[in-house]
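Keep in mind that the numbers below use all heavy atoms, side chains included, and drop hydrogens, waters and symmetry copies. Here the structure is a predicted model, which means the values were calculated and not measured.
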Amino acid sequence: MGIYAELRGFVLAHRACGVLRGNRDDETPGGCRLWILCPCGARFERRLGPDDAEAEVLRSALSVFEE
């Protein structure tokens, strides 16, 4: 399963908990770290490499959750 599918699954599983908050660390040559926090305490965190095939779609999806 790819990171985008995992992110989507996390959001669907936790959307009833309340507002999800997330962000990503600054880009480095090695990529960045994505994270989302749920009010219930669950956390989604993954490393996204600069050459990851899903990088652009993940950045777009994550922008919805940026604080």
request  = Verify side chain to side chain contact (heavy atoms under 4.5 Å, CB included) between Leu37 and Leu20, making sure each step is shown before the conclusion.
outcome  = CA-CA 6 Å; Leu37 300 175; Leu20 301 174; over 6 Å; no
message = To the nearest 0.5 Å, what is the distance between CG on Leu48 and CG on Leu7?
response = 11.0 Å
query = With sequence neighbours left out, what residues match Arg47 under side-chain hydrogen bond (donor to acceptor under 3.5 Å, both in side chains)?
reply = none
task = For residues 7-18, pull every pair meeting side chain to side chain donor-acceptor pair (under 3.5 Å), keeping only residues two or more places apart or in separate chains.
result = none
message = With rounding to the nearest 0.5 angstrom, report the CG to CD1 distance, Asn23 to Ile36.
response = 10.0 Å
key: side chain to side chain contact (heavy atoms under 4.5 Å, CB included) assessment of Trp35 paired with Arg24   = CA-CA 6 Å; Trp35 56 268; Arg24 68 175 184 254; 5.9 Å; no
message = Between Cys38 and Phe44, is the side chain to side chain contact (heavy atoms under 4.5 Å, CB included) condition met? List the steps.
response = CA-CA 8 Å; Cys38 180; Phe44 176 89; over 6 Å; no
query = For Glu6 and Arg46, what are the C-alpha separation, side-chain angles and deciding distance, and is it a side chain to side chain contact (heavy atoms under 4.5 Å, CB included)?
reply = CA-CA 10 Å; Glu6 290 180 50; Arg46 299 293 184 277; 2.6 Å; yes
